[in-house]
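Scroll down for the structure; my scribbles are underneath it.
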Amino acid sequence: MQTQILTALRQTPEGKVAEDILRRCVHCGFCNATCPTYQLLGDENEGPRGRIYLIKQLMEGHLENTPDSGRKTLQHLDRCLLCRACETTCPSGVEYGKLLDIGRNLAEQHAGRERADNTLRKRLRTYLPNSSTFGLGLKLGRTFKPLLPETLANKITEPRPAGTWPKARHNRWILVLDGCVQPALSPDINAATARVLDKLGISLVAAPKAGCCGAVSQHLGAPDDALDYMRRNIDAWWPYLYRKEGAIEAIVTTASGCGVMVKEYAHHLRHDPEYAIKAERIANLCKDISEIIIKENYQQLAPTSATRVAWHPPCTLQHGQKIRGVVENILTDCGYVLLPVADEHLCCGSAGTYSILQPELAQQLRRNKLANLTAQTPEMIVTANIGCQTHLQEGSSLPVMHWIHLLDRTSA
C-alpha cells in the first residue's frame with residue numbers, strides 16, 4: 001500500500017512503525033472473513049481492511065478537520081475488539097494490533113471524545129489496574145448485590161476461595177504475574193497453578209510489587225501510564241533473575257491477555273535507554289502456563305473418569321500469543337473429552353474493557369459463542385483468560401472455569 005504520511009508524523013517512532021505496517025497491507029480483504037465485527041455489521045469500516053484505510057487517511061491528513069468526521073473514524077476504531085484474528089489470517093504479516101493502538105490515539109487527539117465516554121475510560125484506567133481498589137469495590141458490590149440494577153449485579157461474581165498455596169520447596173522456581181483484577185475475581189486460578197506445578201516439582205512464587213501488566217492503560221489511550229506499569233513489573237521481577245539459589249526459569253501468566261502484553265514489553269520499551277534491554281529479557285522469559293506444563297510429565301494428573309468439556313481458546317492465546325493446540329493436547333492426554341466447537345477462532349466479546357464500552361456488540365458475540373460452546377452438551381466450559389471466564393459465566397448456566405482447575409482437581 002502506498003503511503004504519504006504527514007512529515008511531522010513520519011518522523012515520530014509511532015509514525016515509523018505505522019508506515020511500515022501500512023506498506024505491508026495489500027488490501028486483499030482476507031482479514032474481513034475472520035473479523036467478528038465485520039461479520040456482525042457487514043460494514044467495510046467495521047473490518048480490519050476498512051479500519052486500516054481510515055488510519056491511513058488520518059495519518060495522511062485526508063480526514064476532514066471537523067469533530068464529527070474524526071469521531072466517526074474513532075467510533076469505527078473503538079468497535080474493534082483487538083482480537084487479532086485478522087493477524088492470523090493475513091498473508092502479508094500486517095501487525096494490525098500495533099497499528100490500531102497508534103490509530104486510536106491519533107483519532108482521539110484529532111477529534112477528542114464525548115465527555116461521558118472520556119470520563120468512563122478514565123475511571124476504568126484508574127480503577128481496574130489498582131488491585132486493592134478493585135478488590136474493595138468488588139467486596140462492596142457483593143455485599144450490596146441485591147440492591148444493584150440487574151445489569152450491574154450480573155457482573156459481580158461469587159467469591160472463589162483460593163485454597164492452599166504450597167511453600168516454595170523445589171529447586172526449580174517460576175514467577176507468576178498476579179495481575180490486577182484476577183486476584184480479586186478468581187484468586188483460585190494462581191493458587192491452583194501453584195498446586196499443579198508443585199506436583200510437577202516446580203515452585204511457583206509471586207513478586208509482591210508486581211501488578212497490572214499495562215494492557216488496560218495501553219488500550220484505553222494512556223500509553224505513558226502503560227509504560228509505567230511495565231517498568232514497575234520489570235523492577236519487581238528483576239531481582240529474581242539473579243537469586244543466589246538460582247535464577248527463575250520463567251515468568252508465567254495464567255491470564256492470556258496479560259501474557260500477550262508482557263511478551264510485547266520489548267516493543268513498547270524499545271526506545272527507553274534504561275529498560276529496553278531489560279524489557280527484552282523479561283519478554284523472552286514470559287510464558288503462558290500451557291507452555292510450561294506441556295514440557296512436564298503432566299499425564300500423571302489424569303482424572304479417574306472422563307469429563308465432556310467445551311474449550312474456548314481466548315483470542316489473546318490463539319491470535320495474540322499464537323499458541324494453538326497446546327491446551328487441547330494437555331487436556332486430551334489427561335483423559336478429558338474435548339467437544340467440537342464451531343467458529344472457535346471468533347471472539348467471545350469480552351476483549352478487556354470492550355464488554356463495558358461496547359455492551360450491545362459484546363453481548364451479541366457472547367450469545368453466538370455460548371450457542372457454539374454448548375451445542376454438544378458439555379459438562380463445563382473452560383478457558384484461559386479471566387476476562388473471557390467472567391464474561392461467559394455471566395451469560396451461562398454451565399460452570400465456566402480456567403482449564404488449570406481440571407489438572408488441579410486430579411492432583412488433589
Side-chain angles (χ1 to χ4, degrees), residues 1-6 9-10 12-64 69-70 72-107 110 218-219 256 260 263-264 267 313-325 341-349 351-352 354 358 361-362 364-365 368-369 372:
M1 182 184 291
Q2 292 185 344
T3 60
Q4 295 179 336
I5 295 176
L6 296 172
L9 278 176
R10 197 186 321 125
T12 65
E14 293 77 13
K16 292 175 182 178
V17 171
E19 185 172 38
D20 178 61
I21 295 172
L22 286 169
R23 286 179 181 271
R24 289 186 224 167
C25 179
V26 297
H27 231 55
C28 64
F30 287 177
C31 52
N32 283 347
T34 55
C35 174
T37 51
Y38 181 80
Q39 291 191 17
L40 287 182
L41 301 172
D43 183 339
E44 178 72 14
N45 289 326
E46 300 296 352
R49 181 171 64 179
R51 291 182 180 120
I52 287 172
Y53 200 76
L54 288 173
I55 293 170
K56 175 178 179 292
Q57 285 185 306
L58 179 64
M59 300 194 75
E60 291 178 338
H62 294 158
L63 284 183
E64 296 178 25
S69 174
K72 285 180 181 177
T73 295
L74 188 56
Q75 183 183 58
H76 293 308
L77 300 184
D78 281 344
R79 284 180 179 161
C80 173
L81 293 138
L82 201 57
C83 67
R84 303 195 188 187
C86 55
E87 292 188 10
T88 298
T89 312
C90 180
S92 304
V94 174
E95 296 177 290
Y96 173 81
K98 293 176 182 177
L99 182 64
L100 183 76
D101 273 345
I102 294 169
R104 272 180 178 165
N105 290 337
L106 285 174
H110 177 80
Q218 178 66 27
H219 302 315
S256 59
V260 72
K263 288 182 177 183
E264 293 180 348
H267 168 74
C315 300
T316 44
L317 188 69
Q318 61 172 322
H319 304 308
Q321 298 189 55
K322 313 296 185 190
I323 297 174
R324 305 181 192 93
V341 177
D343 294 333
E344 68 173 10
H345 63 284
L346 292 179
C347 184
C348 69
Y354 190 91
Q358 304 286 341
L361 289 173
Q364 189 170 351
L365 288 167
N368 295 347
K369 176 60 66 174
N372 289 333

Donor-acceptor contact below 3.5 Å, side chain E60 vs main chain Q4: yes

With H110 as partner, the option from T73, L74, L58 fulfilling side-chain contact (heavy atoms from CB on, under 4.5 Å) is L58

Inset, instruction - State whether the side chain of E14 and the backbone N or O of N105 hold a donor-acceptor pair below 3.5 Å, judged by distance alone. - result: no

Item checked: Distance-only donor-acceptor check, side chains Q218 and D101, under 3.5 Å -> yes

- Does the ring centre of H27 sit less than 6.0 Å away from the ring centre of Y53? yes

Output for pair (L77 CG, I55 CD1), nearest 0.5 Å, gives 5.0 Å

Exercise. Between Q318 and P313, is there a donor-acceptor pair closer than 3.5 Å when you use the side chain of the first and the backbone of the second?
Worked result: yes

Residues G15 and T12: closest non-hydrogen pair is N-OG1, 2.9 Å

Could you check whether any side-chain heavy atom of L54 comes within less than 4.5 Å of a side-chain heavy atom of N45, counting everything from C-beta outward?
yes

Interatomic distance, CZ@R84 vs NZ@K98, rounded to 0.5 Å, equals 8.0 Å

Side chains of Q39 and L346, heavy atoms from C-beta outward: is any pair under 4.5 Å? yes

Applying side-chain contact (heavy atoms from CB on, under 4.5 Å) to C86 and not counting sequence neighbours gives C31, P48, Y96

Does the side chain of I21 come within less than 4.5 Å of I52's, by heavy atoms?
no

Within the side chain of K56, is there an N or O that forms a donor-acceptor pair under 3.5 Å with the backbone of T3?
-> no

Problem set entry | I102 side chain near V17 side chain, heavy-atom distance below 4.5 Å | yes

Tell me whether E87 contacts the main-chain N or O of G93 through its side chain, where contact means a donor paired with an acceptor under 3.5 Å.
no

- Message: Between D20 and K16 (salt bridge meaning N to carboxylate O under 4.0 Å), is one present in this structure?
- Response: no

In short, Y354 meets T37 closest at the heavy-atom pair OH-CG2, 3.7 Å

Practice item. Could you check N368 against D343 for side-chain contact (heavy atoms from CB on, under 4.5 Å), going step by step and ending with a plain yes or no? Key: CA-CA 9 Å; N368 295 347; D343 294 333; over 6 Å; no

Here the pair of heavy atoms bringing H319 nearest to H345 is NE2-O, 2.9 Å

- prompt: Under a 4.5 Å cut-off applied to non-hydrogen side-chain atoms, are C90 and R24 in contact?
  reply: no

Note to self: Test side-chain contact (heavy atoms from CB on, under 4.5 Å) on L361 and L81; report intermediate values, then the result.
What the structure shows: CA-CA 10 Å; L361 289 173; L81 293 138; over 6 Å; no

Between L365 and C347 the two heavy atoms that sit nearest each other are CB-O, 4.0 Å

- Message: Just so I know, are the side chains of L82 and H219 near enough to count as touching, which here means a heavy-atom distance under 4.5 Å?
- Response: yes

Here the pair of heavy atoms bringing A342 nearest to N372 is O-ND2, 3.3 Å

So the salt bridge (charged side-chain N to carboxylate O under 4.0 Å, His left out) pairs with at least one residue in residues 313-324 (sequence neighbours excluded) are none

Nearest heavy-atom contact between A18 and L99 is CB-CD1, 3.8 Å

Value for SG (C315) from CD (E344), rounded to nearest 0.5 Å, stands at 11.0 Å

- Has the side chain of R51 got a donor or acceptor atom that lies under 3.5 Å from a matching backbone atom of H76? yes

To the nearest 0.5 Å, atom CG of N32 lies from atom CZ of R49 at 5.5 Å

Check your understanding: Looking only at atom types and distance, does a side-chain atom of R10 sit under 3.5 Å from a main-chain N or O of E19, one as donor and one as acceptor?
Key -> no

